[in-house]
Amino acid sequence: MNKFRHMEEFFRANKWRYMLGVFVLLFVDGLQLVTPKLLGHITDSLSSHTLSMKQIYFYVFLIILIAVFIAVFRYIWRMLIIGASRDLEFWLRNKLFSHLEKLSINYFHHKKTGDLMAHATNDINAVRMAFGMGIVMATDAIFLTISTIIIMMISVDMKFTLVALIPLPFVALTVTFFGKIIQRKFKMVQEAFSNLTDKAQESFSGIRVIKSFVQEDKEINNFADANKNNLDENMNLIKIWGAMFPLVIFMASLSFVITLYYGGVLVIDKTISLGQFVTFISYLGLLTWPMMAVGYVINVLQRGTASILRLNEILDTEPEIFDDENTLELDDCEETIEFKDLSFTYPEAEVPALTDIDITLEKGKTLAIIGKTGSGKTTLANLILRLYNVEKGKLLLGGYDINQMPFHLLRSKIGYVPQDNFLFSCTIKENIAFADESLPFEKIEEAAKITSVYDDIMDFPQKFETQLGERGITLSGGQKQRISIARAIAKNPGIMIFDDCLSAVDTKTEEKILKNLKEVTKDRTSIIIAHRISTVKDADEIIVLDEGRIIERGNHDHLVSINGYYSSIYHKQLLEEKIAGEE
Ligand SMILES: Nc1ncnc2c1ncn2[C@@H]1O[C@H](COP(=O)(O)OP(=O)(O)OP(=O)(O)O)[C@@H](O)[C@H]1O
């Protein structure tokens, strides 16, 4: 399969830029070959005393002109080739991010965020290097090496050239050899550094836990160890670099020693002129870089190829859940939900998370789900959101199989309040209006009032413009939950799912929010997942889940009367409230 399949679009759009860049680069390389020839000519004319002042001025002017041309055209190829490689990096990073955003939730359970970040930085950098400096070095290595050697052979002496160049292949071999080690060490430096930043980041985010367990010293020592490791890896890298450069320069200078000796003899013998000798030395100087480039380019291209293969693996991953030819052409549907004898096992899990679930939820009705932790409550919500695929015909929305429901319709119908109440690092206003940036401000305020968080927001100096997240304010757990509910309400969906979203507010605030929510959910189909009886007691139907099965169902009064699990926690919570009241 074509390795570059995911980048074809970029290369097609930028092929002229690359071609022109290589053409200009070749032109610069060609210009570089002129000066040594001129120097030889000048030397010969000087030694035969045939050079007039006028000619000296002319040569000086010509050499300066060539140097100016080289400088200008070097700038141009850099802008074309290196500029294109930076654009490739930008384009590829966007492509990777938008691809990852579309992948199914299951993919992210298998991948560590750190690995994905590494792909987004290291691999994309390696591809940029290959299609930037890699192209430049390959062009120079091929063109400059071959053309310089041919010119040296033709314009000076073939045998002299072959003898003087003996050390240069060793330059290329040394750079290749050291390049491999450098790459390995460089990877270790990167790992050590990312370990160091991970340690610092974790330590700062967990600062409360660290302080409450009085573990500052342990953290300081751990960090010092990671920092030492980072230093050691950097030292290792420096040692290799430090050894490579003098060695390469030494080998290259051997060529000059041979030239001086062998060329000197040839000049004394008058086999070559002094001018040819000067030309030869200048060409030799030109050859050192392409010889090093041969060594570098192999490494850069190898790394680039390995990175392309790793990126291809991600870019080839298809979302597990997507609209296909079986997707219905629907613009709307009734807000009813039906589970028909549904069982569900998570991919790669051994036991089912849900078994034989039968529920019919009419439009506008409220279903409450209660049960021990791990009993499958969130799983039920995940399936309605179609974060996972279910068996055909087992879960219906508005009478349609959820597998055939267009994504935009499904997700636009549902307002979801997740258990973790994740909020983004932007303003409160932007968080509430997450589903629709153009939402009028009154609607945002209304949503905040319904969830009783309006007064809290108005107490912040910046009110709705208050920045949340790392660079902003830290909200209490209850404030977060209420903003998260406001975000779902502001979306104005037909179906609402609240996943244990009132656990962090006190019973009084809960009562207030529930009263307001009753108004909101009046005409909407709602699912409330909770641990507290006070949250679920007014629902039209309550189901009790245990190990993925429905063990009790009915309304509050019925469930209390049957003296099962529901009734036991009801009485337990009543007692708790009574004790709390007496205190
Ligand atoms: N992505 C997953 N892959 C495999 N197993 C999972 C996954 N998510 C949840 N589970 C398992 O499925 C079961 C049900 O989990 P679920 O999150 O639905 O429980 P819950 O009732 O919502 O719990 P809680 O009240 O603690 O939120 C648990 O045993 C859990 O370990």
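First listed ligand is number 1; within each ligand, the first listed atom is number 1. Numbering starts at 1 and runs along the sequence shown.
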Open item on the list: I'd like to know whether the aromatic ring centres of Tyr416 and Phe498 sit less than 6.0 Å apart in this structure.
Closed with: no
TODO: Name all residues meeting the salt bridge (charged side-chain N to carboxylate O under 4.0 Å, His left out) criterion together with Asp332; count only those two or more places apart in sequence or in a different chain, and write none if there are none.
DONE: Lys413
Task: Partners passing side chain to side chain contact (heavy atoms under 4.5 Å, CB included) against Ala349 (at least two apart in sequence or in another chain) - done: Thr345, Tyr346
Open item on the list: Students should find this: residues with any non-hydrogen atom under 4.0 Å from ligand 1. What is the answer?
Closed with: His109, Tyr346, Ala353, Lys372, Thr373, Gly374, Ser375, Gly376, Lys377, Thr378, Thr379, Tyr388, Gln419, His531
Open item on the list: I'd like to know if Glu89 and Arg93 make a salt bridge, using a cut-off of under 4.0 Å between side-chain N and carboxylate O.
Closed with: yes
TODO: Can you run down the salt bridge (charged side-chain N to carboxylate O under 4.0 Å, His left out) pairs that involve residues 367-396, sequence neighbours left out, and say none if there aren't any?
DONE: Lys372-Asp546
- [ ] Please check if any side-chain donor atom of Arg310 sits under 3.5 Å from a side-chain acceptor atom of Asn122, or the reverse.
- [x] no
